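Beneath this line is the structure, given in structure tokens, with notes to follow.
Throughout, protein chains are lettered first and strands after them, A, B, ... in sequence-line order, and every chain is numbered starting at 1. Owing to the predicted nature of the structure, the values given are computational and were not obtained by experimental measurement.
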Amino acid sequence: KAGVTQTPRYLIKTRGQQVTLSCSPISGHRSVSWYQQTPGQGLQFLFEYFSETQRNKGNFPGRFSGRQFSNSRSEMNVSTLELGDSALYLCASSLASKQGADYGYTFGSGTRLTVV
Amino acid sequence: GENVEQHPSTLSVQEGDSAVIKCTYSDSASNYFPWYKQELGKRPQLIIDIRSNVGEKKDQRIAVTLNKTAKHFSLHITETQPEDSAVYFCAASKGEPGGSYIPTFGRGTSLIVHP
């Protein structure tokens with residue numbers, strides 16, 4: 001079965017630009033979460049989408065936004081890029097639902113964003 | 001909110017030795033504790049998990065123990081091999097009304113296994 005697919009794998013952007021990252025979860029997984037990973041801060045939670053609704057949000061500025069489509073695919077957008085946004089952005093899908101138990105994450109390979 | 005502390009941040013062992021990574025959590029309502037392994041340049045992968053109704057779980061050379069009273073859980077790797085070298089993350093999460101299962105992650109432990 002296909003895993004979590006993230007595109008693109010690498011991106012180089014200039015300060016002030018905006019970027020959109022894409023994530024296709026495992027078929028049947030309706031929960032999609034996004035994380036920012038940096039060497040100094042570990043895994044920082046951005047937001048989670050479930051059935052096209054943002055269900056949880058981390059402590060990131062409004063420049064970071066996302067959405068989920070009816071097929072569970074998700075995108076995240078970062079506007080007005082800053083040098084500090086350089087990081088690995090990981091998408092994770094999960095079977096977690098309102099009624100079900102937690103089954104952990106399956107992560108994508110990530111998008112390496114470099115802001116210059 | 002939940003706070004997860006993970007120790008040590010770096011662990012260096014000789015091949016064949018055992019390795020133990022410990023995590024503590026603050027929220028007694030947390031009921032699911034997964035461990036992820038992230039090899040250099042790769043995605044984190046779930047390697048083992050434990051729920052609050054179980055005290056210990058094993059899968060070949062890896063095991064996880066949970067002490068709910070003390071609010072800590074540990075990852076044990078026996079007979080370590082060079083391919084065990086990676087960063088290991090612990091996490092804690094809980095089911096909440098509305099179905100939120102967002103885990104809180106530890107800061108990670110870099111395990112280095114010397115041949």
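Atom CD1 of A:Ile12 has 12 or fewer neighbouring heavy atoms from other residues, nucleotides or ligands inside a 6.0 Å radius. Counting heavy atoms of neighbouring residues, nucleotides and ligands inside a 6.0 Å radius, atom CZ of A:Arg15 does not exceed 12 of them. By the 6.0 Å contact criterion, CD on B:Gln14 is enclosed, its count of non-hydrogen atoms from other residues, nucleotides or ligands being greater than 12. Counting heavy atoms of neighbouring residues, nucleotides and ligands inside a 6.0 Å radius, atom CG of B:Asp59 exceeds 12 of them.
Cluster annotation: B:Phe89 is not connected to B:Ile77 through the hydrophobic network of ILVMFWY side chains, with a link wherever side-chain heavy atoms come within less than 4.5 Å. A chain of hydrophobic side-chain contacts below 4.5 Å, direct or via other Ile, Leu, Val, Met, Phe, Trp or Tyr residues, connects B:Val87 to A:Tyr35. B:Val4 and A:Phe107 sit in two unconnected hydrophobic clusters of ILVMFWY residues. Membership requires side-chain heavy atoms under 4.5 Å apart, directly or through other members. No single ILVMFWY cluster, assembled from side-chain heavy atoms under 4.5 Å apart, contains both A:Val4 and A:Leu21. A:Trp34 and A:Tyr10 are assigned to two separate hydrophobic clusters, defined by single-linkage of ILVMFWY side chains at heavy-atom distances under 4.5 Å.
Aromatic ring pairs are classed by plane angle as parallel below 30°, tilted from 30° to 60° and perpendicular above 60°; the pair B:Tyr36 and A:Tyr105 is tilted.
At a heavy-atom separation below 4.5 angstrom, chain A is approached by B:Arg43, B:Pro44, B:Leu46 within residues 40-50 of chain B.
Interatomic distance, CD of A:Gln37 versus CZ of B:Phe105, reported as 9.5 Å (0.5 Å rounding). The distance from the OG atom of A:Ser31 to the CD1 atom of B:Ile102 is 6.0 Å, given to the nearest 0.5 Å.
With a threshold of 4.5 angstrom between heavy atoms, B:Pro103 approaches chain A through its backbone and through its side chain. Looking at A:Ser33, only its side chain comes within 4.5 Å of chain B, counting heavy atoms on both sides.
Taking each heavy atom of A:Gly104 and B:Tyr32 in turn, the nearest pair found is N-OH, 3.3 Å.
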